[in-house]
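Whatever order the structure lists ligands and atoms in, that order sets their numbers, starting from 1. Only this structure's heavy atoms are used, side chains among them; waters, hydrogens and symmetry mates stay out.
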Amino acid sequence: MINICVLVSGGGTNLEAIYKAIENGDITGAKITRVISNNKNAYALERAKNHGTPAMVVSPKDFENREDFNKAWLQAIKEASPELIVLAGCLVNQPEAVIREFKNRIINIHPSLIPSFCGKGYYGLKVHEAVLRRGVKVTGATVHFVDEGIDTGHILAQKAVEVKDGDTPEVLQKRVMEEAEWVILPKVIGMISKGEIKIGEEA
Ligand code: GRF
């Protein structure tokens with residue numbers, strides 16, 4: 001059984017997809033043991049509570065400086081003793097101390113086909129706005145290891161999604177979530193829990 005700590009900032013639809021995959025047996029041998037958010041208003045916290053998962057907020061607003069926040073953020077994760085950390089709609093750039101402590105044990109879901117439309121400033125709806133501005137016909141989502149960069153870690157899975165005429169950023173975001181994010185994130189977690197994807201030093 002691997003313990004998973006999920007880091008969130010928003011609606012938590014990717015978190016919900018993981019719960020669903022555990023409940024329907026698509027993911028075996030894994031349990032979400034803690035959900036942590038930097039945003040006290042994140043609906044993802046409500047979802048965690050509905051599933052009986054201990055949830056907590058570590059908000060930068062509650063600390064005098066970023067260094068103190070970083071220490072508290074790392075401490076909150078370490079207390080959960082996770083084998084795997086999942087960034088599921090988490091907008092916190094992980095402190096270097098977290099990346100070091102959990103090398104190749106942190107995965108992220110990004111709503112584009114990396115290396116397109118990723119890096120600084122590309123998150124949430126902004127990704128889909130840029131996709132529509134550029135006029136690409138195919139987009140999608142990517143699951144990757146988190147390293148010191150932004151969206152630069154080793155790619156673990158990707159899934160393509162068609163961009164349709166008349167798409168708005170909101171419509172496209174929903175399609176990418178439904179057809180790609182909510183599929184490949186649980187899939188990768190399932191492969192990790194079965195040892196088909198190595199994590200930690202073995203990766
Ligand atoms: C989504 O755009 C997702 O691609 C990105 O964060 C946003 C919110 O995800 N990673 P969620 O509903 O909070 O899982």
Side-chain angles (χ1 to χ4, degrees), residues 4-23 26-27 30 32 34-51 53 55-59 73 84-94 98 106-134 136 138-147 149-163 167-190:
I4 302 174
C5 179
V6 182
L7 308 181
V8 297
S9 299
T13 64
N14 279 284
L15 171 66
E16 196 65 47
I18 302 169
Y19 279 127
K20 189 160 163 256
I22 292 173
E23 283 155 16
D26 287 344
I27 295 178
I32 298 174
R34 179 171 283 194
V35 170
I36 305 171
S37 179
N38 60 311
N39 169 14
K40 67 179 173 25
N41 300 315
Y43 187 67
L45 293 164
E46 204 55 40
R47 295 181 190 272
K49 285 189 192 110
N50 293 343
H51 288 274
T53 306
M56 63 190 290
V57 176
V58 180
S59 167
W73 186 259
L84 178 66
I85 297 164
V86 178
L87 309 189
C90 181
L91 299 179
V92 174
N93 286 332
Q94 299 308 309
V98 170
I106 310 169
I107 63 174
N108 180 50
I109 176 80
H110 180 75
S112 78
L113 295 175
I114 289 174
S116 300
F117 306 106
C118 65
K120 193 167 172 53
Y122 285 100
Y123 57 87
L125 270 184
K126 291 174 186 289
V127 172
H128 308 291
E129 288 163 357
V131 163
L132 292 171
R133 244 190 335 268
R134 184 62 186 83
V136 296
V138 175
T139 186
T142 301
V143 178
H144 62 92
F145 274 133
V146 174
D147 64 10
I150 300 179
D151 303 329
T152 53
H154 175 69
I155 290 173
L156 296 168
Q158 293 190 301
K159 192 166 189 295
V161 172
E162 183 191 4
V163 181
D167 271 348
T168 63
E170 291 76 8
V171 165
L172 183 55
Q173 178 178 52
K174 190 164 184 298
R175 188 178 312 122
V176 169
M177 283 173 150
E178 287 172 347
E179 296 183 10
E181 297 180 39
W182 302 345
V183 173
I184 60 174
L185 184 56
K187 180 167 172 266
V188 167
I189 294 170

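Contact check on Arg175 versus Asp167 returns a salt bridge, with a Lys/Arg side-chain nitrogen under 4.0 Å from an Asp/Glu carboxylate oxygen. Taking 4.0 Å as the cut-off between side-chain N and carboxylate O, Lys174 and Glu170 do not count as a salt-bridged pair.
Checked by atom type, the side-chain pair Ser9/Asn38 shows a donor-acceptor distance below 3.5 Å. With no hydrogens or angles considered, a side-chain donor-acceptor pair links His110 and Ser112 at under 3.5 Å. Between the side chains of Thr152 and Asp147, a donor-acceptor pair is found at a separation under 3.5 Å.
Put simply, CZ on Arg134 and CZ on Phe117 are 7.0 Å apart, with the number rounded to the nearest 0.5 Å. Atoms CH2 and CD, on Trp73 and Gln94 in that order, are 6.0 Å from each other to the nearest 0.5 Å. Atoms CG and CD1, on Leu185 and Ile189 in that order, are 4.0 Å from each other to the nearest 0.5 Å. A distance of 9.5 Å separates CZ in Arg47 from CG in Asn14, rounded to the nearest 0.5 Å.
Proximity of His110 to ligand 1, defined as any heavy-atom pair under 4.0 Å, is not found for any part of the residue.
Ring planes of His51 and Tyr19: parallel class, angle under 30° (limits at 30 and 60°).
Gly12 N, 2.8 Å is the protein heavy atom nearest to atom 13 (O) of ligand 1. Annotation: atom 10 (N) of ligand 1 to nearest protein heavy atom, Ile109 O, 3.2 Å. When only non-hydrogen protein atoms are considered, atom 9 (O) of ligand 1 lies nearest to Asn14 ND2, 3.7 Å. Of the protein's heavy atoms, Thr13 OG1, 2.6 Å lies nearest to atom 12 (O) of ligand 1. Taking atom 8 (C) of ligand 1 as the reference point, the nearest protein heavy-atom neighbour is Met177 CE, 4.0 Å.
The shortest N or O to N or O distance between Gln173 and ligand 1 is below 3.5 Å. Every N/O-N/O distance between Leu15 and ligand 1 stays at or above 3.5 Å. Checking only distances, Gly10 never comes within under 3.5 Å of ligand 1, N or O to N or O.
Nearest-residue assignment for atom 3 (C) of ligand 1 (options His128, Glu181, Arg47, Lys174; heavy-atom criterion): Glu181.
Not a single heavy atom of Glu16 sits under 4.0 Å from any atom of ligand 1. Within the structure, ligand 1 lacks Val8 among the residues with a heavy atom less than 4.0 angstrom away. Using a non-hydrogen distance threshold of 4.0 Å, Ala44 does not register as a contact of ligand 1.
For ligand 1, the atoms sitting less than 4.0 Å from at least one non-hydrogen atom of Pro111 are 4 (O), numbered in the order shown with element in parentheses. The atoms of ligand 1 that sit less than 4.0 Å from any heavy atom of Gly89 are 5 (C), 6 (O), 9 (O), 10 (N).
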